[in-house]
Amino acid sequence: MPHTVQGVIARSKGAEVELVDIIVPDPGPGEALVEVQACGVCHTDLHYREGGINDEFPFLLGHEAAGVVEAVGEGVTEVAPGDFVILNWRAVCGQCRACAKGRPWYCFNTHNATQKMTIAETGEELTPALGIGAFAEKTLVAAGQCTKVDPEADPAAVGLLGCGVMAGFGAAVNTGGVSRGDSIAVIGCGGVGCAAIAGANLVGATTIIAVDVDDAKLETAKGFGATHTINGSREDVVERVRELTGGFGADVVVEAVGLPQTYEQAFYARDLAGTLVLVGVPTPEKEVTLPMIELFGRGGALKSSWYGDCLPSRDFPMLVDLYRQGRFDLEAFITERIGLDEVEAAFAKMPTGTILRSVVEL
């Protein structure tokens with residue numbers, strides 16, 4: 001029997017979000033119905049509202065979530081009713097060319113629920129953000145989007161692994177390959193950048209340089225393990241990174257902004273044969289021009305990080321265990337805990353730089 005619950009939708013481009021009744025079907029084959037307990041307010045949700053992802057309005061927003069499986073459809077074996085899960089937006093298929101090569105974190109055929117959730121009043125089909133749609137009391141996802149973790153964990157904290165924290169941690173550790181004794185510079189110290197800093201700290205990087213134009217964000221970055229800070233509005237980022245790394249540049253530079261100028265800074269702030277990781281999401285019109293002789297002569301690797309190149313079944317339980325052991329402070333990412341009716345206000349706070357993460361608790 002379908003479920004009528006409240007959810008936060010973006011009805012049209014740029015319009016303020018609305019809290020409305022939505023209809024969530026019972027799970028069909030391969031699907032799971034999840035009672036959402038908490039969901040972070042990610043900048044990607046604002047991109048959806050602004051039409052920056054696609055124009056498939058209306059959207060059911062929210063994707064950085066944790067909750068409890070209420071029911072599963074036919075053929076589901078990964079999870080069962082009562083399981084506490086983190087939702088992920090890359091449910092691997094296990095059969096595509098990436099999966100067949102043993103690289104499921106690159107899966108080219110990730111999938112979502114087949115059935116559609118709808119607006120109760122009009123019957124309009126909703127497009128769930130990143131295939132999840134978790135600013136709702138319940139949501140319908142593909143069973144593979146559910147990753148079972150320790151049920152004693154705080155849903156508001158571990159739900160952040162569903163997007164931003166995993167993206168940043170993975171950019172540094174999985175994509176960048178940061179290891180003990182390495183140096184790393186992170187350009188952009190929002191939630192994703194701070195997660196990259198926390199990840200580098202966890203695995204033993206010895207020089208961790210935070211770069212931003214906001215002193216408050218730089219101060220926050222210190223709390224996650226930054227050993228040095230650079231304010232890019234007052235200092236030459238490339239020269240300062242080199243000064244802090246013996247004149248050479250960082251082994252890894254994570255660009256968590258998505259702008260041409262910060263990408264160029266990241267490129268030149270690397271050591272020879274160093275790695276640049278782009279995890280900041282650029283808008284389609286942004287372009288970078290670099291001399292080919294520099295691309296050749298500096299060597300190393302220029303990488304993009306998709307979802308921190310994570311494998312949820314591997315990475316989520318491991319990071320939750322580290323959190324439960326007090327070794328990875330997920331709660332430090334939470335600035336405020338809010339209700340479903342406060343999502344629009346959370347969006348308005350994003351440009352101020354005062355919020356690392358607002359988290360909706362249900």
Side-chain angles (χ1 to χ4, degrees), residues 2-25 27 31-67 86-91 110-142 145-146 159-160 162-164 166-167 191-192 258 281-284 306-307 338-351 355 357-362:
H3 308 258
T4 302
V5 301
Q6 287 199 306
V8 176
I9 69 166
R11 201 182 292 269
S12 60
K13 182 177 179 178
E16 292 192 359
V17 301
E18 303 173 41
L19 182 60
V20 301
D21 286 341
I22 65 171
I23 305 297
V24 183
E31 296 176 340
L33 177 69
V34 177
E35 181 182 355
V36 180
Q37 295 182 328
C39 184
V41 183
C42 178
H43 209 277
T44 302
D45 292 303
L46 181 57
H47 283 324
Y48 270 105
R49 194 200 72 172
E50 296 302 307
I53 306 294
N54 59 53
D55 59 358
E56 297 172 8
F57 290 93
F59 294 112
L60 175 60
L61 300 179
H63 60 277
E64 215 173 53
I86 300 172
L87 300 183
N88 73 80
W89 46 270
R90 287 185 63 80
T110 57
H111 52 284
N112 307 126
T114 302
Q115 298 183 89
K116 294 292 187 180
M117 294 176 278
T118 58
I119 299 175
E121 184 179 7
T122 64
E124 289 176 274
E125 291 186 349
L126 289 160
T127 302
L130 292 176
I132 292 177
F135 286 155
E137 294 162 326
K138 298 179 184 181
T139 192
L140 185 72
V141 295
Q145 293 179 271
C146 300
L160 300 181
C163 189
M166 188 68 254
V192 172
V281 182
T283 51
W306 298 346
Y307 204 179
I338 62 174
L340 268 179
D341 59 347
E342 298 175 88
V343 170
E344 184 65 37
F347 284 157
K349 294 174 186 176
M350 283 182 173
I355 300 293
R357 260 307 182 267
S358 303
V359 179
V360 173
E361 291 189 309
L362 294 97

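Index from 1, following the sequence.
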Asks: Carefully, step by step, assess R49 and E344 under the rule side chain to side chain contact (heavy atoms under 4.5 Å, CB included).
Replies: CA-CA 10 Å; R49 194 200 72 172; E344 184 65 37; 2.5 Å; yes

Asks: Taking atom CD of E124 as the centre, does the number of heavy atoms from other residues, nucleotides or ligands within less than 6.0 Å exceed 12?
Replies: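 Atom CD in E124 is packed in, count exceeds 12.
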
Asks: Rounded to the nearest 0.5 Å, how far apart are CZ of F347 and CD1 of I355?
Replies: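 Between F347 CZ and I355 CD1, I get 13.0 Å after rounding to 0.5 Å.
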
Asks: Does the pair V17 and F59 meet the rule for a side chain to side chain contact (heavy atoms under 4.5 Å, CB included), with working shown?
Replies: CA-CA 10 Å; V17 301; F59 294 112; over 6 Å; no

Asks: Can you see which heavy atom on E64 is nearest to which on V41, and at what distance?
Replies: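 Distance-wise, the nearest heavy atoms are OE1-N, 4.3 Å.
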
Asks: Tell me, do H47 and V281 make a side-chain contact under 4.5 Å, heavy atoms counted?
Replies: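 A side-chain contact under 4.5 Å is absent here.
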
Asks: How close do T139 and M117 get, counting heavy atoms only, and between which atoms?
Replies: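 The pair with the smallest heavy-atom distance is OG1-CE, 3.3 Å.
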
Asks: Indicate the atoms forming the closest heavy-atom contact of C163 with W89, along with that distance.
Replies: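 Result for this residue pair: SG-NE1, 3.8 Å.
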
Asks: Heavy-atom distance under 4.5 Å between the side chains of K116 and P25, does that happen here?
Replies: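 No, every pair of side-chain atoms sits at 4.5 Å or beyond.
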
Asks: How long is the straight-line distance from NZ of K138 back to CD1 of I23, given to the nearest 0.5 Å?
Replies: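 NZ of K138 is found 11.5 Å from CD1 of I23.
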
Asks: Please report the interatomic distance CG(L126) to CZ(R11), rounded to the nearest 0.5 Å.
Replies: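 L126 CG to R11 CZ: 9.0 Å, rounded to 0.5 Å.
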
Asks: Could you tell me whether the side chain of K13 reaches within less than 4.5 Å of the side chain of D55, counting heavy atoms only?
Replies: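 A side-chain contact is absent here, since even the closest heavy-atom pair is not under 4.5 Å.
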
Asks: What heavy-atom pair brings I338 and A346 nearest, and what distance separates the two atoms?
Replies: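 Shortest heavy-atom separation between I338 and A346 comes out as CD1-CB, 3.9 Å.
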
Asks: State, to 0.1 Å, how close A65 and V36 come at their nearest heavy-atom pair, and which atoms those are.
Replies: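 Where A65 meets V36 most closely, the heavy atoms are CB-CG1, 4.3 Å.
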
Asks: Working to the nearest 0.5 angstrom, can you tell me the gap between H43 NE2 and E50 CD?
Replies: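 Result: 9.0 Å between the selected atoms.
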
Asks: Work out which heavy atom in Q115 is nearest to a heavy atom in P27; give both atom names and the distance.
Replies: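 In this case the closest contact between Q115 and P27 is NE2-C, 3.8 Å.
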
Asks: Decide yes or no for V5 and I22: does some side-chain heavy atom of the first lie under 4.5 Å from some side-chain heavy atom of the second?
Replies: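 In short, these two side chains touch, coming nearer than 4.5 Å.
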
Asks: Taking H111 for its side chain and A91 for its backbone only, find out whether a donor-acceptor pair lies under 3.5 Å.
Replies: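 Present.
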
Asks: Report yes if the side chains of E125 and T118 come closer than 4.5 Å at any heavy-atom pair, otherwise no.
Replies: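 Touching, per the 4.5 Å side-chain cut-off.
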
Asks: To the nearest 0.5 Å, how far apart are CD1 in I132 and SG in C146?
Replies: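 If we round to the nearest 0.5 Å, I132:CD1 and C146:SG are 9.0 Å apart.
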
Asks: In the structure I gave you, are the side-chain heavy atoms of N112 and P128 within less than 4.5 Å of one another anywhere?
Replies: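 They are not in contact (no side-chain heavy atoms under 4.5 Å apart), so the answer is no.
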
Asks: Is the closest side-chain heavy-atom distance between F135 and D45 below 4.5 Å?
Replies: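 Yes, side chains in contact.
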
Asks: Working note: M350 + L46, criterion side chain to side chain contact (heavy atoms under 4.5 Å, CB included); need CA distance, chi angles, decisive distance, verdict.
Replies: CA-CA 9 Å; M350 283 182 173; L46 181 57; 3.9 Å; yes

Asks: Is there a side-chain contact between M166 and Y307, using heavy atoms and a 4.5 Å cut-off?
Replies: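 Yes, side chains in contact.
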
Asks: Hey, what do you get for CD (E31) to CD (Q145), rounding to the nearest 0.5 Å?
Replies: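 Separation between the atoms: 9.5 Å.
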
